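Report on one structure; see the data block that follows.
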Amino acid sequence: MADEAVAERAAEPASHDPQRPQGSRSPEAPPRGRERGGERGGDRGDEQAQGEAEAHDGPEAGDDEAAERAKERERAADRIKDLTRDPLAEEDGEDGPTDLAAAARARRAGRKLLTSGRDFTSFDRSRIGHAHIGDINVSLDARRSGVAMRGGPVPEEELRRLRRAHVEPAGYVRLRRALESRRLLVLGGAPGTGRTSTALALLDEVTRDGAGDGGRVRRVDPHQGEGVRGLVGDVNGGEGGEGGEQRGTGYLLELALDRPGTLPPDEMDLDQLASTLAEGDAYAVVVVSVGSAANPLLAGRYGMVCPPAPSRELVTVRLRERLEEARDHEALERAARIAEDPEVIEAVGLDDLRPAEAELLASLLAEHLLGSLTREELLAGCRGIAAVQAHEWFAGVDRALAAPPSGDGRDGRTPVRSATAALFHPVAFRIALAVLGGGSHSAVSAAAHLLTWELSVQSDPDSTPSRPLFCDDPESDRALSRARSHDGAIDVAGAEVTGQLIFYRGSALPAAVLAEIWDRHFPVRAPVVRWLRLLADDPRPQVSVRAAVAAGELSVRDFEYGFGELVRPLAEASSARRRVFAATALDQVAGHASHRRAVRKVVDDWSRYGTASLRWTAAMTLGHGRAADSVDAALDALARIGVRDQGRQLAVASLNVVRLLTLPECATVLRRLGQWAEHRREEYQDLALVTIVRLATTGVDEVLDDEPGTPLGDRGDWPLLLALAVTRPELTGTLADLLWTALNTARSRDVAFDALETLLRSASRGEGGEGRERREGRGGGDRMRPGLAALLPALTSDEHDRQQLEWLLRRMMRDQDRPLTTEQASALWRLAVPARQRRSDEEESHG
């Protein structure tokens, strides 16, 4: 047969095709063939059977039986077609859209975010503080240290130590010049970033020639007086100076603007303070936390943001200080090398260190060099740094709200605590970032507001939480949560668009935050569970799937609670999206060896004795490959689910059989498909046929758990069938036989040919420059041609098979919406029929 024969015949009417091989049919129906392994009894219904019926009962009876058989075949074909639809789209209608690829990417991202090789389950903060650090006096809890601060002079010894150990942040000279010229500086920064040390260093420099008896640098108690107005009185009255005005003094005032009812000073108050300071030749630094309340202060003439000090220099200075007594000149170099060890860097898990954290790391490194700590203890102490940060963020956040508020004394009623939501928002943002980190900033912010409401209602159920609508500050959210953002790809309705992504500045923080809230703050569990259930209903995979992964991690920490409150209720839900959430969470639990046996027992029980919803959830869990003892056991369970109740859940079972094909045990799955195809029960045959068709229509990125860089991961835009034919060439023959079976079985023939058409068109996408692959530079269909080149020759091994391919190519060329060009059809024909076979066919046709 010539290469152009297909294209030439396509232009002629099918009923007048003089060169059409004998036995081929019109373009409306593919030619029927015989089974490679024998005729399938359930699909006979052909002209031979019809003739036998007519000879036995007469023409009229034969016509009735033939019509009934035709209807039965049509019903069976419709059933197979229905079963090959997406089982996850049932909520939105039979053609409702679902994005399995986006869900798979979100699941991989969530697992990477929370699975970092750290064992936070066994972390004990007191053990780290006592056994690993010994007598080192390091203040790690900024919140507690701030509360315990009292007013009074700063000792000269503390100032000398500060001069020796302080590392100047970027822009320090600019801060000093601003203080010198204006006498007053409002310094903004996140707690723990060294803002107080920088303020003391600035005051120490500008007051070198000041008074000494009463202390030239003084802290002002934030809980006494009236803040800035009270400081004006202190400067005028010379608080520390025995009744006279004390000139040349520096004042440090830390304002806590996040407390309910606290109002920031206005610009007139700051002007009055600056004037008073100038008259007394004094200076003042007012330290505030970044946030919506402090924004007007930082935007005014006195406000400046305090940048953090560089981490590397902080650690070096602290190390030098710790190793001075050892008098080992090489110790500092060895410590620097250990600090750069990838294992140590991973154990710390923070992109940059704050001053107290740098001091802790330096102390751990010094004690390790001096022989006081083993390497295992060093790594354990490094892992504890992020956990201490999480503890600082959440310890005592609502301590002020726990005390009963006093009445205003006017009408005897207790005032409503309206600032609850504002207090909880930074906390909620940190939790949302731990769960949804790596997603869009808008998704994290929206989830944080939902959680803020849940936390506020839980804390104060008698009041309606209120929150200003125009006070969100993304920069403050990032600063208070040690977050960073950058532009990246976001999945929207099956397409990728550019948006702003947000992450923690450190891989250790997400798991540390979840461990802190789940293990140390039990009352928080109820609102977090309600919040996660709300996220389970979110139609965006980047939200619902990431939340499911986080729910799994939380369940690992307390499986009884997580299973009872999150997994089991959602596994029985009527919503498919909620059941997927439960399955994803269960698989995440199964990723931990300590809980794998329990998960496998649960899934096995659900697959055998569970309700329809629980069996559906079990099937989705089995598809990940970790919820059964082996692939064979997973296939047994999926077959049990798929054939039960006349195949009611066959669609979801077949989807998860396809997902198992991405595992190394792919050959085992294909062998079982062949056994099901030859099974005497029709339900098993249908499970095989539906799975084969689904295999041909499923993309690699819809079912793959691997990251790019693996043979399958690098072919994410390929159909899974073609990708397996290329990456596992030893399985090509088996794949072709299975697809051939679906093409030549009556009830699956139509959908199988549609699937084959999809495969053929996938190889022609690159020529037109269409599709996401071409926009992303991945080559489109050109890269998929090797897959067809491997599969098609094995699929068209005899003349009848080539006739079917010829019929399909003609149908594709006559498609009114997407006609195949002559060049494309010829190219596909050459891929399917080798040159030697084409010459042999041509000789036979001319013989």
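What you see below is based on every heavy atom in this structure, not just the backbone, and it leaves out hydrogens, waters and symmetry mates. Model, not experiment: these values are computed from the prediction.
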For the [atom1] atom of [X] and the [atom2] atom of [Y], what is their distance to the nearest 0.5 Å?
X	Y	atom1	atom2	result
S544	R107	OG	CZ	13.0 Å
S654	W676	OG	CH2	9.5 Å
W616	I641	CH2	CD1	11.0 Å
D629	R596	CG	CZ	10.5 Å
L805	L828	CG	CG	8.0 Å
R533	L566	CZ	CG	6.5 Å

pair [X]-[Y]: side-chain heavy atoms closer than 4.5 Å:
X	Y	answer
R783	W718	yes
V690	I80	yes
E757	R811	yes
T84	T697	no
S440	Q500	no

Derivation of the salt bridge (Lys or Arg N to Asp or Glu O under 4.0 Å) call for D538 and R577: CA-CA 8 Å; D538 196 294; R577 189 173 291 120; over 6 Å; no
Between [X] and [Y], does any side-chain N to carboxylate O distance fall below 4.0 Å?
X	Y	value
R715	D701	no
R802	E806	no
R608	D605	no

Check: Q824/T821 side-chain N/O donor and acceptor closer than 3.5 Å: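 Yes, side-chain donor-acceptor contact under 3.5 Å.
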No-hydrogen, no-angle side-chain donor-acceptor test under 3.5 Å, E683 and Q646: no
Heavy atoms of other groups near [X] [atom1], more than 12 under 6.0 Å:
X	atom1	result
E730	CD	yes
R640	CZ	yes
R597	CZ	no

Taking every non-hydrogen atom, the tightest pair across L735 and A725: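 So the two residues come closest at CD1-N, 3.8 Å.
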Taking every non-hydrogen atom, the tightest pair across V589 and G552: CG2-O, 3.3 Å
